[in-house]
2 protein chains.
Amino acid sequence: MTETRWLTSDEREAWVRFAAVLELLPGVLDSQLQRDERLTHFDYFVLAMLSEAPDRTLRMTALATRTNATLPRLSRVVTRLEEQRLVARSPSADDRRATDASLTDAGWRKVVHAAPGHVANVRDSVIDALTPAQVVQLRSISDAVLGRLDPDGKLFASGS
Amino acid sequence: MTETRWLTSDEREAWVRFAAVLELLPGVLDSQLQRDERLTHFDYFVLAMLSEAPDRTLRMTALATRTNATLPRLSRVVTRLEEQRLVARSPSADDRRATDASLTDAGWRKVVHAAPGHVANVRDSVIDALTPAQVVQLRSISDAVLGRLDPDGKLFASGS
DNA sequence: AGCAATTGGTTGCTTCTACAAGTAAACGGA
DNA sequence: TCCGTTTACTTGTAGAAGCAACCAATTGCT
């Protein structure tokens with residue numbers, strides 16, 4: 001164990017505030033969608049990823065990668081969404097181990113209905129609080145951090 | 001409902017990446033502490049807040065505010081930490097409804113032991129991925145967002 | 001003083017997530 | 001071709017978080 005490099009005061013101030021955002025923002029995102037659409041943010045994200053995929057269909061593993069979920073987690077979420085008839089499972093044609101998840105018409109309507117409120121919330125909570133320059137900075141910063149968190153860039157098969 | 005203001009491409013790129021960070025970072029923070037110290041990040045933060053307080057003691061409500069937790073959540077976490085003898089509860093002197101939470105000596109040693117690894121992880125995952133300029137930008141951005149998430153600034157009684 | 005409303009905290013219940021184990025299909029040598 | 005290994009997914013189980021209901025102490029109004 002080498003000598004600890006403590007944070008400088010600039011670093012500490014940035015980190016403390018960023019950590020607070022990290023703690024608060026997920027709750028804000030979740031509660032708007034929960035209140036207005038009875039969806040968690042993760043549910044919404046799953047539906048949104050499917051809505052952008054060819055045929056509105058993805059294999060479970062691919063969907064798990066895009067949403068950064070573990071497979072067990074995704075499996076349960078898809079089960080729940082399936083019970084609500086927003087998503088349908090079907091065995092994959094080319095690999096009988098695999099399962100495809102597809103957005104149903106009802107699921108598509110749900111995403112379309114939910115998107116405006118969600119976007120408004122994202123604007124309200126984050127984007128509109130920033131200057132255009134800060135938006136660009138946030139992108140670079142997030143890129144840099146993602147480089148550490150997700151070195152293989154698995155999370156970004158598509159631009160989303 | 002007025003016309004939806006969709007995100008511009010700059011905004012979308014920033015948001016998608018930031019959302020990914022939001023999804024990944026908590027897990028990274030948690031697992032290092034879990035693995036090395038058997039603490040969640042939230043546990044650690046509770047202990048850290050106590051360690052900085054006068055007499056290493058805070059009222060439950062004050063501690064909940066500083067850690068941005070609901071009181072039910074904090075109550076259970078403190079129960080758990082109490083079982084591990086890291087924290088002790090005592091009835092407050094001036095208000096018999098209130099409860100003070102104090103760091104025990106073992107709790108203090110735990111924080112001191114855990115801090116270097118945690119700081120190293122924060123450096124590794126975030127700070128060292130950024131230029132000094134970006135660290136400053138991150139602070140401003142977080143401040144701006146916090147202004148929306150936490151308009152009353154409850155979260156920042158102390159600088160932490 | 002006496003009662004209603006508020007504040008401080010804990011607990012019951014339900015939902016969500018993670019980890020680990022289990023099943024089934026597919027691949028890859030000997 | 002047969003068997004061991006890997007891949008794809010599901011399920012059992014246990015830990016954590018939120019909401020709402022709850023009790024106890026305090027404050028404020030009359």
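Below, read A as the first sequence line, B as the second, and so on, with proteins coming before strands; counting in each chain starts at 1.
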Roughly how many Å is it from CG in A:L81 to P in D:dT10, rounded to a whole number?
13 Å
Return yes if a side-chain donor-acceptor contact under 3.5 Å exists between B:R56 and B:T104, otherwise no.
no
In whole angstroms, how far is the C1' atom of C:dC16 from the CG atom of A:L39?
15 Å
Taking atom P of C:dA18 as reference, at what distance in whole Å does atom CZ of B:R38 sit?
18 Å
Using heavy atoms to find the nearest nucleotide of DNA chain C for A:A69 and B:T99 separately, return the residue whose nucleotide is more 5′.
B:T99
So, OP1 or OP2 of D:dT26: does either fall under 4.0 Å of a side-chain N or O from B:R96?
yes
Rounded to the Å, how far apart are A:L74 CG and D:dT10 P?
8 Å
Rounded to the nearest angstrom, tell me the gap between atom CD in A:E82 and atom P in D:dT11.
11 Å
Rounded distance in Å - CG (A:L63) to C1' (D:dA8)
14 Å
For the hydrophobic clusters of this structure (ILVMFWY residues joined by side-chain heavy atoms under 4.5 Å, transitively), does one cluster hold both A:V136 and B:L130?
no
Do B:Q134 and A:Q137 come close enough that some side-chain heavy atom pair is under 4.5 Å?
no
pair A:H118-A:H41: side-chain heavy atoms closer than 4.5 Å
yes
Distance, rounded to the nearest Å, where A:D94 contributes CG and D:dT7 contributes P:
17 Å
Would you say A:R97 places a side-chain N or O within less than 4.0 Å of OP1 or OP2 belonging to D:dT6?
no
Is A:S75 touching bases, backbone alone, or none of the nucleic acid, heavy atoms closer than 4.0 Å?
base
How about A:R80: does its CZ atom have over 12 heavy atoms from other parts shown lying under 6.0 Å from it?
yes
Within the 4.0 Å limit for protein heavy atoms, which parts of nucleotides 14-22 of chain D are touched? Write it as a string from 5' to 3', B for base, S for sugar-phosphate only, - for none.
--SSBBB--
Flag for A:T40-A:D43: side-chain donor and acceptor within less than 3.5 Å
yes
Given 3.5 Å as the limit, does a donor-acceptor pair link the side chain of B:S75 with the main chain of B:L71, or not?
no
